[in-house]
2 protein chains.
Amino acid sequence: MATDDLMSKALAALDEVDGPMSVEVIHRLVDVSAATAPMTITEVADLLDMSPHTLRYYERIGLVEVARDASGHRSYDAKAVRRLVFLTRMRLSGMAMRDLQHYMRLADKGDDTVPERLDLLLEHRDTIRRQLKELTLSLAATEYKIATYGGHTGPSSDEEA
Amino acid sequence: MATDDLMSKALAALDEVDGPMSVEVIHRLVDVSAATAPMTITEVADLLDMSPHTLRYYERIGLVEVARDASGHRSYDAKAVRRLVFLTRMRLSGMAMRDLQHYMRLADKGDDTVPERLDLLLEHRDTIRRQLKELTLSLAATEYKIATYGGHTGPSSDEEA
DNA sequence: CTAGGAGTTCGAGCGCGCTCGAACGCAAGC
DNA sequence: GCTTGCGTTCGAGCGCGCTCGAACTCCTAG
């Protein structure tokens, strides 16, 4: 089973599945750029498919700053929402909270930190690539096992190897 | 950016990275089939790149049964090692402990449970496929962001969106 | 005036998958 | 005999990323 073989298998898999929510979510995230008016916590939560609890959590660990309205309620302006979209996207792709904190501290420091941020992104990209490769192998292994079961439905020769 | 475009990008990524350890680990796992003599806990731990602590943990949550030698030390026979290889592979591919427990309970019940186990595997395969798709999108998003930074190194137009 | 609902802060708790430490057992080597 | 080293059991702790509940405030509708 050559590596290229695995690749094509993985690709085929990707084509087969029409990601029920993931794709949709990302698309939704992309479209938020149009957001203008400040939003309430529940609106943002609904938009990003997360709980208000989590939004408050993100704020308290310093990932995002959020203004308050007259009565002390959070008011998410476009910038905050955009940042949360970015955060969500990165979290979805498996970036660790501590890395996001790091990244955001840099972002808050200004444009001088762009190169450093770029480094973080490049590193993250490599991480994703590694994950992709591992998952592809896992897929192959799982499909092999499935074939073992599906191939001959007789008694298993060796009790779960 | 069409989906096929993303696909090819992901594929290219897969080709670029030569997984420093993941591939190697899997290969090693595959080759263990030759194992014959009972092994000590540290030998198995070294083989599978995990700690003795973790091996004991796997045993105590019922994933695997391990015999003891005369002085009460664990003695991993070929069957146990094979099972651990399988477990490791599945864990690496992200199967949850509770699912593995379920699967192993079934395996211990005998061949009647093969269809049910097959279902679990099929489900897991779909999970991996979904993850692959999500990661591919994440990769695209990250590369887009990188391009944003790499493209023009001037002041960021909108402070981390 | 009162009840409801949405928001607030704060600190604690949870599920996962380990990870560790303390206290002990056993066999080999000096 | 005694240390060294590898193993044992048991229960507790940890890092992550939330998740929840209690107690409170504020605004609105009836």
Side-chain angles (χ1 to χ4, degrees), chain A residues 25 37-77 80-81 83-84 86-104 124 127 131 134 138, chain B residues 25 37-77 80-81 83-84 86-104 124 127 131 134 138:
Chain A
V25 165
M39 304 174 74
T40 70
I41 196 170
T42 7
E43 284 166 352
V44 177
D46 288 350
L47 181 73
L48 300 181
D49 260 344
M50 65 204 309
S51 74
H53 276 305
T54 304
L55 280 171
R56 292 189 201 102
Y57 168 69
Y58 278 17
E59 184 178 352
R60 94 179 138 186
I61 66 172
L63 287 180
V64 64
E65 275 181 35
V66 185
R68 305 300 147 113
D69 67 12
S71 51
H73 290 193
R74 283 171 180 79
S75 173
Y76 291 84
D77 61 10
V81 172
R83 179 174 277 215
L84 283 167
F86 176 74
L87 286 168
T88 303
R89 205 139 55 180
M90 285 304 158
R91 272 298 300 139
L92 274 183
S93 67
M95 188 178 266
M97 297 303 273
R98 73 180 65 254
D99 291 344
L100 283 174
Q101 287 175 306
H102 184 190
Y103 189 96
M104 286 315 178
H124 184 55
T127 303
Q131 289 174 353
E134 288 182 12
S138 297
Chain B
V25 165
M39 304 173 74
T40 69
I41 196 170
T42 6
E43 285 166 351
V44 177
D46 288 349
L47 181 72
L48 300 181
D49 259 344
M50 65 203 310
S51 74
H53 276 306
T54 305
L55 280 171
R56 292 189 201 101
Y57 169 68
Y58 278 18
E59 182 178 354
R60 92 179 141 189
I61 66 172
L63 286 179
V64 63
E65 275 181 36
V66 184
R68 306 299 149 113
D69 67 12
S71 51
H73 291 194
R74 284 171 179 78
S75 172
Y76 292 84
D77 61 11
V81 173
R83 177 174 278 213
L84 282 166
F86 176 74
L87 286 168
T88 303
R89 207 140 54 181
M90 285 304 159
R91 273 297 299 137
L92 273 183
S93 68
M95 188 180 267
M97 297 304 272
R98 73 180 63 254
D99 290 343
L100 283 174
Q101 287 175 306
H102 183 189
Y103 189 96
M104 286 315 177
H124 183 55
T127 303
Q131 289 173 353
E134 288 181 12
S138 297

Problem - Selection from C/dC26, C/dC18, D/dC26 that lies nearest to any side-chain heavy atom of B/Ser71 - result: C/dC26

Practice task
Scan A/Ile41, A/Thr40, A/Leu47 and name whichever one has a side-chain contact (heavy atoms from CB on, under 4.5 Å) with A/Glu43.
Solution key: A/Thr40

Handout entry: Minimum-distance nucleotide (side-chain atoms of B/Arg60 versus D/dG17, D/dC6, D/dA12)
Key = D/dA12

Exercise for the section: Indicate, with a heavy-atom threshold strictly under 4.0 Å, whether B/Ile41 touches base, sugar-phosphate, or nothing. Expected result: sugar-phosphate

Problem - Atom-pair distance (CG on B/Leu100; C1' on C/dC18), nearest Å - result: 14 Å

Practice task
Grab the two heavy atoms, one from B/Gln101 and one from B/Ile61, that are nearest each other, plus how far apart they are.
Solution key: NE2-O, 3.0 Å

Problem - Test log, rule side chain to side chain contact (heavy atoms under 4.5 Å, CB included), inputs A/Asp99 and A/His124 - result: CA-CA 9 Å; A/Asp99 291 344; A/His124 184 55; over 6 Å; no

Exercise for the section: Ignoring backbone atoms, test whether A/Tyr58 places a side-chain nitrogen or oxygen under 4.0 Å from the OP1 or OP2 oxygen of D/dC18. Expected result: yes

Practice task
Report which part of the nucleic acid A/Arg56 touches: base, sugar-phosphate, or nothing (heavy-atom distance under 4.0 Å, all strands).
Solution key: base

Practice task
Give the rounded distance in Å between these two atoms: CG of A/Asp69 and C1' of D/dT25.
Solution key: 12 Å

Handout entry: Most 5' of B/Gly72 and A/Ala70 on DNA chain D, judged by nearest nucleotide
Key = B/Gly72

Practice task
State whether B/Thr40 places a side-chain N or O below 4.0 Å from either non-bridging phosphate oxygen (OP1 or OP2) of D/dG7.
Solution key: yes

Practice task
Give the rounded distance in Å between these two atoms: CG of B/Leu63 and C1' of C/dG17.
Solution key: 11 Å

Practice task
May I have the distance from B/Ile61 (atom CD1) to D/dC10 (atom C1'), rounded to whole angstrom?
Solution key: 16 Å

Completion exercise
Of C/dC18, D/dG21, C/dG7, the nucleotide closest to the side chain of B/Arg91 is C/dC18

Handout entry: Rounded distance (Å) that lies between atom P of D/dC6 and atom OH of B/Tyr76
Key = 16 Å

Practice task
Ignoring backbone atoms, establish whether A/Arg68 has a side-chain N or O less than 4.0 Å from OP1 or OP2 of C/dT9.
Solution key: yes

Problem - Side chain proximity check, A/Met95 to A/Thr127, heavy atoms < 4.5 angstrom - result: no

Practice task
Nearest whole angstrom, please: distance from the P of C/dT19 to the CE of B/Met97.
Solution key: 11 Å

Exercise for the section: Return no unless some side-chain N or O of A/Arg74 is found under 4.0 Å from OP1 or OP2 of C/dT8. Expected result: yes

Exercise for the section: Measure the distance from NE2 on B/His53 to P on D/dG11 and round it to the nearest whole Å. Expected result: 16 Å

Exercise for the section: Round to a whole Å and report the spacing from CG of B/Leu55 to P of D/dG7. Expected result: 11 Å

Exercise for the section: Examine C/dA6: is either OP1 or OP2 under 4.0 Å from a nitrogen or oxygen in the side chain of A/Thr42? Give yes or no. Expected result: no

Handout entry: Closest non-hydrogen atom pair between B/Arg83 and B/Val64, with its separation
Key = CD-CG2, 3.8 Å

Handout entry: side-chain N/O A/Tyr57 vs D/dC20 OP1/OP2, d < 4.0 Å
Key = no

